[in-house]
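In what follows, chains are A, B, ... by sequence order, proteins preceding strands, each numbered from 1.
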Amino acid sequence: MPEKIRPSIGKIEGMLGRRYGHPPWTASRPLMDVLVETILSQNTSDSNSHRAFLALKKKYPGWEALAGAQTGSIARTIRSGGLENIKSRRIKDLVSFILGKRGKAGLEFLKKMPREAAYRYLLAIKGVGPKTAACTLLFGAGIPVYPVDTHIYRVSSRLGWVKRKEDRESFQERFRKLVPDKMVYPLHLNLIEHGRRICHPRKPECLDCCLNKACNWKEKPHESVH
DNA sequence: ATCCTGGACG
DNA sequence: CGTCCAGGAT
């Protein structure tokens with residue numbers, strides 16, 4: 001029974017594409033930039049994390065300088081993003097590690113590795129979990145891994161794609177294999193967009209939802225709202 | 001003035 | 001499961 005998921009993925013992807021457009025894959029950025037920005041975005045709103053990223057990039061234009069910086073001054077630089085004490089530590093350690101190991105603070109070598117190996121390499125870094133590792137590879141290298149953030153997890157749950165008791169990481173691993181490579185990027189982006197605009201955590205706007213017909217979420221507000 | 005949101009780790 | 005944080009929404 002829970003194996004009707006596969007066909008519905010293509011259907012949902014199409015519906016979202018018609019509603020929000022088919023986002024083109026934009027030119028890849030340095031993987032280290034993407035990784036740092038993604039760490040800053042953990043448990044942090046886009047506007048806050050992006051502001052912090054710009055400040056950090058401005059202060060340490062080549063990431064190498066982070067290795068010799070005081071965590072305190074890194075923390076002050078990214079303070080507007082929140083969680084600066086953990087994140088400054090983690091970013092400094094990560095850059096120092098790569099720099100020490102590879103001689104430069106870059107991650108482009110990941111592009112030459114098999115998908116799984118690159119993913120596991122990132123996962124092994126402290127402060128890099130499944131979502132961050134996947135985002136780095138998808139946005140930095142166009143490698144079709146499927147990051148599951150809180151929006152995707154929520155919307156996917158309502159769509160019936162998430163099994164009972166299945167956590168984010170398990171879902172990310174399993175679902176990845178069900179999504180055709182070329183759908184990974186647009187589906188990821190459009191599900192997030194949909195989660196933000198319509199399928200809110202608290203009060204989803206099911207009446208304005210382009211997926212309403214395809215969604216069997218049980219707690220859907222009733223049609224007659226008057 | 002409180003409430004809410006957002007990943008990874010100890 | 002508690003902790004880490006700021007800024008925007010209510």
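- Among the heavy atoms of the strands lying under 4.0 Å from Arg51(A) are primed sugar atoms or P, OP1, OP2 only; no base atom is included.
- Taking every nucleotide of DNA chain C with any atom under 4.0 Å from a non-hydrogen atom of chain A, the first and last of them, 5' to 3', are dC4(C) to dG8(C).
- We find that CD1 of Ile91(A) is positioned 16 Å from C1' of dC9(B), with the value rounded to whole Å.
- Across all strands shown, Lys87(A) has no heavy atoms under 4.0 Å from either base or sugar-phosphate atoms.
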For residues 125-148 of chain A, tabulate all N or O donor-acceptor pairs below 3.5 Å that involve a side-chain atom, not counting sequence neighbours.
unit_1    : atom_1 : unit_2    : atom_2 : d
Thr132(A) : OG1    : Gln42(A)  : NE2    : 2.8
Thr136(A) : OG1    : Thr132(A) : O      : 2.7

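- For the pair Arg168(A) CZ and dC9(B) P, the computed distance is 12 Å after rounding to whole Å.
- In this structure, Asp149(A) has no salt bridge (Lys or Arg N to Asp or Glu O under 4.0 Å) partners at least two apart in sequence or on a different chain.
- For DNA chain C, no neighbouring residue in residues 138-147 of chain A is found when judged by any heavy atom under 4.0 Å.
- Not a single donor-acceptor pair under 3.5 Å links the side chain of Asp46(A) to the backbone N or O of Ser41(A).
- Each of Glu84(A) and Ser47(A) has a nearest nucleotide on DNA chain C; the 5'-most of these lies closest to Glu84(A).
- Phe109(A) meets the ring-ring contact (aromatic ring centres under 6.0 Å, His included) test with Tyr121(A); sequence neighbours excluded.
- Panel note: side chain Arg79(A), backbone Gly82(A); no donor-acceptor pair is recorded below 3.5 Å.
- Evaluation of the side-chain hydrogen bond (donor to acceptor under 3.5 Å, both in side chains) rule for Gln172(A) yields Tyr119(A) as partners, not counting sequence neighbours.
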Please table the atom pairs, donor to acceptor, closer than 3.5 Å between any side-chain atom in residues 56-66 of chain A and protein atoms at least two apart or in another chain.
unit_1   : atom_1 : unit_2    : atom_2 : d
Lys57(A) : NZ     : Asp33(A)  : OD1    : 3.3
Lys57(A) : NZ     : Asp33(A)  : OD2    : 2.9
Tyr60(A) : OH     : Ser73(A)  : OG     : 3.1
Trp63(A) : NE1    : Asp33(A)  : OD1    : 2.8
Glu64(A) : OE2    : Ala105(A) : N      : 2.9

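- Remark: Arg120(A) pairs with no residue by the salt bridge (Lys or Arg N to Asp or Glu O under 4.0 Å) rule, at least two apart or across chains.
- In terms of the ring-ring contact (aromatic ring centres under 6.0 Å, His included) criterion, Tyr153(A) has no residue partners (sequence neighbours excluded).
- Heavy atoms of Thr132(A) sit under 4.0 angstrom from primed sugar atoms or phosphate atoms, though from no base atom.
- Rounded to whole angstrom, the span from the CG atom of Leu123(A) across to the C1' atom of dG7(B) amounts to 12 Å.
- Atom CG of Asp93(A) and atom P of dC9(B) are 13 Å apart (whole Å).
- Not a single side-chain hydrogen bond (donor to acceptor under 3.5 Å, both in side chains) links Asn85(A) to another residue, sequence neighbours left out.
- Every residue was checked against the ring-ring contact (aromatic ring centres under 6.0 Å, His included) condition with Trp217(A), not counting sequence neighbours, and none meets it.
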Scan nucleotides 2-6 of chain B against the protein and return all N/O pairs shorter than 3.5 Å with their distances rounded to 0.1 Å.
unit_1 : atom_1 : unit_2    : atom_2 : d
dC4(B) : OP1    : Arg202(A) : NH1    : 3.4
dC4(B) : OP1    : Arg202(A) : NH2    : 3.3
dG6(B) : OP1    : His151(A) : ND1    : 3.4
dG6(B) : OP1    : His151(A) : NE2    : 3.0
dG6(B) : OP2    : Thr150(A) : OG1    : 3.4
dG6(B) : N9     : Asn43(A)  : ND2    : 3.4
dG6(B) : N7     : Asn43(A)  : ND2    : 3.2
dG6(B) : N2     : Asn43(A)  : O      : 2.5
dG6(B) : N3     : Asn43(A)  : O      : 2.0
dG6(B) : N3     : Thr44(A)  : N      : 3.3

